[in-house]
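Here is the structure we will look at.
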Amino acid sequence: MIRIFSSPYILTPRQDLNAASAGAARRGSLLKVEWGDGLRGFADLHPWPELGDLPLKTQLAQLTKGQLTPLGQQSLSLARRDAELRQAQKNIFDVGVPVVNNFLLSDLRVLNSDLLKTIKSDGFSTVKVKVGRDVFLETQAIRLIAEAGLRLRLDFNAVGSLNSYQKFMGGLSPEVRDRIEYVEDPFPFEFSSWNEARHFAPLALDHQYDKVPWASLSSLPFDVLVVKPAKVDVVKALELCQQWQLKATVTSNMDHPVGIMHALGLGMELKKKHGNMILEAGCLTHHLYQSDSFAAELSTQGPCLRKVRGTGVGFDELLEALPWQILNID
Ligand code: MG
């Protein structure tokens, strides 16, 4: 017996978020899940239809029918993890080790030398840049970041082609390219073109797990797996990393603070278990949106998030006070 309640929310971006999405308001839903054994936990459900997820309405309708989408499945599994921690009176910070995050720069127009100085003095070593919108602006920004001595992660969100990628990367000097830790989803996955693209910089796979014919390959044309606990089964993703000797980057789904803390919690636990296999995380995403009562609970110390108050993923009083609507499971 399981009872699921939903509480919809809206996140308002401060700026455009990536190549696939402009600055429109984002809708998601928090979930409260109660199990027959008395445990109760919370999770986020935040689809990105622009990146191939089913829309929120469909996700919730499927949950109501007891049919689990990949996101729905993960939300329930994360809610269960939260429930077990709450029952044990533990916080996510009690079961992992601290992880450092990259600095996410989604709007390059705000970049200048003062901002770069602040990023460095705050203790960040890596800047993640969402690219694929404005080659001139992006190339300039990447050069500035590299010259400041910071490492880079680029994310194309699979927009573009091998040809446009070669032009983009060919426009960067070898010294600048050396500062690139990896490039995420440079264009739609295809083995031989990714193998070509790999000559410029190491590659990372994020939104395209299902496009990789894992069983029929003897080698992979990428080095890093982006693991979003909101979207993928973390245990299976880490098995892939071990099997193929990939590194893993745990990131939020650029979702609600509840989703962010779930991703961070898993990132901290995996770091404790797997050490160097786990690279810097990408969970500092709450500042992309206008603040609300949940985001106000989050505080950072340089590239790390501080322990959030409460049990499980935190936000105890805020979650209790939300209006919840039961999803009738047929
Ligand atoms: Mg990505």
Side-chain angles (χ1 to χ4, degrees), residues 11 13 15-23 26 28 44 46-53 70-71 74 99 101-108 126-134 138 141-142 145 151-161 164-165 168-169 180-190 193-194 197-198 200-212 220-234 237-238 240-241 246-256 259-260 262-264 266-267 270 278-289:
L11 299 175
Q15 59 213 6
D16 287 1
L17 296 175
N18 56 37
S21 150
R26 304 207 51 82
D44 187 14
H46 189 93
W48 281 83
E50 305 89 329
L51 299 173
D53 295 333
L71 286 188
Q74 284 313 108
V99 289
N101 292 274
N102 60 229
F103 184 94
L104 177 58
L105 191 63
S106 63
D107 186 352
L108 299 180
T126 311
V127 177
K128 175 168 172 176
V129 183
K130 297 271 182 179
V131 287
R133 280 168 289 188
D134 181 336
E138 289 157 5
I142 290 166
I145 295 166
R151 277 186 313 168
L152 283 137
R153 291 173 171 178
L154 309 186
D155 189 357
F156 284 86
N157 278 119
V159 174
S161 63
S164 60
Y165 182 71
F168 187 98
M169 296 299 281
I180 298 174
E181 182 188 13
Y182 60 72
V183 178
E184 236 173 277
D185 289 342
F187 46 85
F189 181 83
E190 191 277 316
S193 48
W194 271 49
R198 199 186 197 179
F200 290 107
L203 299 181
L205 184 87
D206 181 4
H207 287 290
Q208 309 188 77
Y209 283 43
D210 55 352
K211 296 221 176 108
V212 180
L220 291 178
F222 52 87
D223 309 277
V224 177
L225 208 51
V226 176
V227 179
K228 287 188 163 70
K231 285 191 78 146
V232 300
D233 182 319
V234 170
L238 265 289
L240 288 174
C241 289
L246 302 169
K247 302 272 188 187
T249 295
V250 178
T251 82
S252 79
N253 196 25
M254 299 208 304
D255 44 5
H256 189 279
I260 290 176
H262 266 301
L264 183 80
L266 259 308
L270 293 176
I278 310 298
L279 302 174
E280 280 186 18
C283 296
L284 283 189
T285 52
H286 58 291
H287 58 85
L288 296 175
Y289 301 105

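Remember, it's a predicted structure, so these values are computed and weren't measured experimentally. Indexing begins at 1, ligand by ligand and atom by atom, following the structure's order. Each residue takes its place number in the sequence, starting with 1.
The N, O or S atom of E184 with the smallest distance to the Mg ion (ligand 1) is OE2. Of all the N, O or S atoms in D155, the one closest to the Mg ion (ligand 1) is OD2. Looking at D206 and the Mg ion (ligand 1) together, the shortest N, O or S contact belongs to OD2.
A salt bridge between D223 and K247 is absent, with no side-chain N of the basic residue lying under 4.0 Å from a carboxylate O of the acidic one. No salt bridge links E280 with K128; every basic N to acidic carboxylate O contact stays at or beyond 4.0 Å.
Between P229 and Q74, the shortest heavy-atom contact is O-NE2, 3.1 Å. Here the closest heavy-atom approach between residue L225 and residue Y209 is recorded as CG-OH, 3.3 Å.
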